[in-house]
Asker: 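Below: one structure in structure tokens.
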Amino acid sequence: MRQGMRVSLVLLAVLGNLAWYSSAKANFKGNLTVEIDGFKNKQGQVCASIFAKSQGFPNERDRVVQRQCTKITDIPVKLTFENLPAGSYAVAVMHDSNGDLKLNRNSLGMPIEGFGFSKNPEVRTSAPKFSEAAIVLAGPNTNIQVHLKYF
């Protein structure tokens, strides 16, 4: 077999494997488990929302990919989101102590319920940017921790 033909066959095999890998990655679905701690108390429920883009993060409900709320029985609380396509996500969490599905605020606009974000970025005067909270879902099971903050 000539050298040029051998190189062509090897190249073809490598490209075929790369195409298969890209196709498998595009169809990949994984689970994201969010472990939440730092609660002041066990009143009400905790809600976590997953965003796949910066648009609407962290407040716009119509931009949420998946959302879960659960009563607080054991701490830490673990929520698992299933069948998420591979990619970047940011998670916003709130301790909805009165069960109204809103992050309640005082007259100055400061949250009066607990909140947190993936990667636990420092929060001072406003919510973090998507890029500051973004995590990568790249395997079958990804686990993150979110520590709630209260003002």
Asker: Determine the minimum heavy-atom distance between Ala90 and Phe57, stating which atoms define it.
Answerer: CB-CE1, 3.5 Å

Asker: Work out which heavy atom in Leu137 is nearest to a heavy atom in Pro85; give both atom names and the distance.
Answerer: CD2-O, 3.7 Å

Asker: Can you confirm whether Ser88 sits close enough to Val136 that some side-chain heavy atom of one is under 4.5 Å from a side-chain heavy atom of the other?
Answerer: yes

Asker: Could you work out, with side chain to side chain contact (heavy atoms under 4.5 Å, CB included) as the rule, every residue matching Ser49, not counting sequence neighbours?
Answerer: Phe51, Val64, Arg67

Asker: Measuring only between side-chain heavy atoms, which start at C-beta, is Pro140 closer than 4.5 Å to Asn31?
Answerer: no

Asker: Would you say Ile144 and Phe39 are hydrophobically clustered, going by side-chain heavy atoms of ILVMFWY under 4.5 Å?
Answerer: yes

Asker: I need the minimum non-hydrogen distance between Pro121 and Lys149, along with the two atoms involved.
Answerer: O-CE, 3.5 Å

Asker: Out of curiosity, does Tyr150 fall in the hydrophobic cluster containing Ile72 (side-chain heavy atoms, cut-off under 4.5 Å, transitive links)?
Answerer: yes

Asker: Can you name the side chain to side chain donor-acceptor pair (under 3.5 Å) partners of Asn59, sequence neighbours left out?
Answerer: none

Asker: Decide side chain to side chain contact (heavy atoms under 4.5 Å, CB included) for Ile50 and Val34; before the verdict, give the C-alpha distance in whole Å, the side-chain angles of both, and the deciding distance to 0.1 Å.
Answerer: CA-CA 10 Å; Ile50 298 182; Val34 182; 5.6 Å; no

Asker: Might you work through the side chain to side chain contact (heavy atoms under 4.5 Å, CB included) test for Val93 and Val46, ending with a clear yes or no?
Answerer: CA-CA 7 Å; Val93 177; Val46 63; 3.6 Å; yes

Asker: Only pairs at least two apart or in different chains count here, so list each disulfide (SG to SG under 2.5 Å) that has a residue in residues 71-130.
Answerer: none

Asker: With a 4.5 Å cut-off on side-chain heavy atoms, are Cys47 and Gln68 touching?
Answerer: no

Asker: Hydrophobic clustering (ILVMFWY, side-chain heavy atoms < 4.5 Å, transitive) - are Leu148 and Leu103 grouped together?
Answerer: no

Asker: Among Leu84, Leu79, Val91, which one satisfies side chain to side chain contact (heavy atoms under 4.5 Å, CB included) with Gln66?
Answerer: Leu84

Asker: Before you tell me yes or no, could you show the steps for Lys42 and Ile75 under side chain to side chain contact (heavy atoms under 4.5 Å, CB included), namely the whole-Å CA-CA distance, both residues' side-chain angles and the distance that decides it to 0.1 Å?
Answerer: CA-CA 8 Å; Lys42 291 184 179 182; Ile75 296 174; 4.0 Å; yes

Asker: Taking all heavy atoms of Phe117 and all of Ala127, pick out the closest pair and write down the distance.
Answerer: CZ-CB, 4.2 Å

Asker: On a heavy-atom basis, which atom in Pro76 and which in Glu35 lie closest, and how many Å separate them?
Answerer: CB-CG, 3.6 Å

Asker: Rounded at 0.5 Å granularity, tell me how far CG in Leu108 sits from CD1 in Ile112.
Answerer: 11.5 Å

Asker: Taking only residues two or more places apart in sequence or in another chain, which ones pass side chain to side chain donor-acceptor pair (under 3.5 Å) with Glu82?
Answerer: none

Asker: Checking Ile36 against His95 for the side chain to side chain contact (heavy atoms under 4.5 Å, CB included) test, could you report, in this order, the C-alpha distance in whole Å, the side-chain angles of both residues, the deciding distance, and whether it holds?
Answerer: CA-CA 10 Å; Ile36 308 157; His95 177 190; over 6 Å; no

Asker: Is it true that Phe115 and Phe130 fall in one hydrophobic cluster, defined by side-chain heavy atoms closer than 4.5 Å?
Answerer: yes

Asker: If you compare all heavy atoms of Asp37 against all heavy atoms of His147, which two are closest, and at what distance to 0.1 Å?
Answerer: OD1-ND1, 2.8 Å

Asker: I'd like to check the side chain to side chain contact (heavy atoms under 4.5 Å, CB included) partners of Ala52; sequence neighbours left out, ordered by chain and number.
Answerer: Val65, Tyr89

Asker: For a 4.5 angstrom cut-off between non-hydrogen side-chain atoms, does Asp96 reach Leu101?
Answerer: yes

Asker: Going from CG on Asn143 to CG on Leu32, what distance comes out if it is rounded to the nearest 0.5 angstrom?
Answerer: 8.0 Å

Asker: Kindly write out the residues that satisfy salt bridge (charged side-chain N to carboxylate O under 4.0 Å, His left out) with Arg105, not counting sequence neighbours, or none if the list is empty.
Answerer: none

Asker: Could you check whether any side-chain heavy atom of Asn106 comes within less than 4.5 Å of a side-chain heavy atom of Phe151, counting everything from C-beta outward?
Answerer: no

Asker: Under 4.5 Å between any side-chain heavy atoms of Lys102 and Arg61, yes or no?
Answerer: yes

Asker: Rounded at 0.5 Å granularity, tell me how far CG in Asn104 sits from CD in Glu113.
Answerer: 4.0 Å

